[in-house]
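Just so we're clear, the structure is a prediction, and the values are computed from it rather than from any experiment.
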Amino acid sequence: MAFFWQGALLLSLAAAVSVHADMKLDCMPDYVSLVWTESRSQADTSLLRLGNCFPTSFSPREAVFSVDLNDCNFMRMVSGDQLVYTNYLTYTSSPDSLILPFTHPVVCAYERPKDWYPLIYDPVFNTYGAGDLVFHIALMNDDFSGLAASASFPLGSFIPIMASVEQNTHQPLLLLLEECVAATTPELQPESHSYPIITNKGCLVDSRTSRSKFEARQKSSEIRLSLQAFRFAIGEEVFIHCKLVAWDPTGLDSTKKACHYVKDHGWELLDNHAYSNLCDCCESSCKSRRMRSIPSGKHGIVQTAVLGPLTITDGKS
């Protein structure tokens, strides 16, 4: 995107945020560098997020973000002869933490090039709209660096699946897979031949008998699933039906979670292993609770999505 910046940098912030912390922001032509320095020993800098991005690096007292302006859900606005990029730095503490959650604005402004025009968006995932959110789901290659080259998977191999959510508002969201089921039909019917993958409000039940697992998050607005190809409808078309939930990152509970089973360890919470007790109900029933409001004042948004068709082969042919 170097060609994009032909004007001079107009704004770079270095501000003392409070008596407890300091934020240094450098708005560079191709990226943003933000350093948050924290004086409170109780603070966990790994819980800081810039938009939906995790820290590039962190230590007990410092979190560093070095990110492209096209990432992290920066909002771009045109104001006269300026292009202004805005985002929010948020801290999402646990309910029993001594450090309260907070949000701090992040703003970079640049001179608007005379020949600037908006880029055209060409989605590559299956896309579903819900309000001001856009959901994507796709089959990926082995390292999640691009789309899968084939939709055929030998029995026992991994089916990499990634889902994501985009938003026009600034508040970060956490994407969860509340439910996924494989079926032989593109629409679920009572008579559909089906296989449960994720049930019970985010429990990856398939991981109890396989090597299926959630992969570590790269962004809060993405979720990655390595699903081991299972013995189901071998050689037939298979569709994976999922219920996606965009949720408040601070609102995890037993009904809003991502849990997988680790052999010789038990159920583990993807987003914070220390709170894996939220997964205890995966062995029984995870009760629904009244939905909390997310910071924007809206409730968590649920979107159904269908991935496929794909084919599971017995690996002998």
Side-chain angles (χ1 to χ4, degrees), residues 11-27 31-69 71-77 84-109 132-133 165-176 217-222 245-253 256-258 269-275 278 291-301:
L11 182 62
S12 181
L13 299 178
V17 176
S18 73
V19 296
H20 301 295
D22 179 78
M23 186 180 81
K24 294 182 180 179
L25 176 67
D26 289 322
C27 302
Y31 68 95
V32 169
S33 175
L34 186 152
V35 179
W36 180 273
T37 305
E38 179 65 59
S39 64
R40 292 168 290 184
S41 60
Q42 305 95 329
D44 182 353
T45 57
S46 69
L47 298 178
L48 286 162
R49 303 288 183 264
L50 178 57
N52 62 356
C53 287
F54 288 61
T56 306
S57 63
F58 62 87
S59 65
R61 290 288 186 272
E62 188 175 86
V64 177
F65 297 85
S66 183
V67 300
D68 193 292
L69 284 168
D71 296 330
C72 307
N73 281 347
F74 272 90
M75 181 185 296
R76 180 175 59 196
M77 297 178 293
V84 181
Y85 286 77
T86 61
N87 211 328
Y88 283 80
L89 182 76
T90 59
Y91 182 80
T92 56
S93 60
S94 58
D96 57 350
S97 174
L98 298 176
I99 307 298
L100 295 176
F102 63 80
T103 299
H104 191 79
V106 176
V107 181
C108 285
D132 60 353
L133 303 183
V165 61
E166 295 181 26
Q167 58 188 21
N168 296 323
T169 55
H170 61 255
Q171 294 290 0
L173 290 174
L174 186 73
L175 185 65
L176 299 169
R217 288 190 192 268
Q218 305 300 307
K219 298 178 180 179
S220 64
S221 60
E222 290 181 356
V245 179
W247 193 247
D248 174 8
T250 66
L252 289 178
D253 61 25
K256 295 294 180 291
K257 63 191 184 303
L269 184 68
L270 169 64
D271 294 292
N272 190 335
H273 296 174
Y275 291 89
L278 294 180
M291 300 177 97
R292 303 183 196 177
S293 293
I294 60 176
S296 64
K298 297 182 179 180
H299 293 288
I301 294 179

Heavy-atom closest pair, residues S66 and Y31: OG-CD1, 3.8 Å
Would you check if T45 and P55 make a side-chain contact, meaning some heavy-atom pair closer than 4.5 Å? no
Should Y275 and L252 count as side-chain neighbours, where that means a heavy-atom distance under 4.5 Å? no
Cationic tip of R49 within the cone over Y91's six-membered ring, i.e. under 6.0 Å and within 45° of the normal? no
If every non-hydrogen atom of L89 is compared with every non-hydrogen atom of W36, which pair is closest and at what distance? CD2-CE3, 3.2 Å
For M23 and H104 the tightest heavy-atom approach is CE-CD2, 3.6 Å
Shortest non-hydrogen contact between N87 and G51, atoms and distance: OD1-CA, 3.2 Å
Would you indicate whether F102, at its atom CZ, is surrounded by more than 12 heavy atoms from other residues, nucleotides or ligands within a distance under 6.0 Å? yes
In this structure, CG of L25 is separated from CZ of F65 (nearest 0.5 Å) by 11.5 Å
Value rounded to 0.5 Å, distance of OG in S221 from CG in L174: 9.0 Å
At what distance, to the nearest 0.5 angstrom, does OG of S46 lie from CG of N272? 8.0 Å
Could you tell me the separation between the CG atom of D22 and the CD atom of E62, rounded to the nearest 0.5 Å? 9.5 Å
Check whether any side-chain heavy atom of K24 lies under 4.5 Å from a side-chain heavy atom of T37, and answer yes or no. no
Which pair of non-hydrogen atoms, one from R217 and one from L176, has the smallest distance, and what is that distance? NH2-CD2, 3.5 Å
Test side-chain contact (heavy atoms from CB on, under 4.5 Å) applied to L50 and T90, T56, D71, V67, the passing residue: V67
Determine the minimum heavy-atom distance between C72 and N52, stating which atoms define it. CA-OD1, 2.9 Å
Could I get the full list of side chain to side chain donor-acceptor pair (under 3.5 Å) partners for S220, not counting sequence neighbours? none
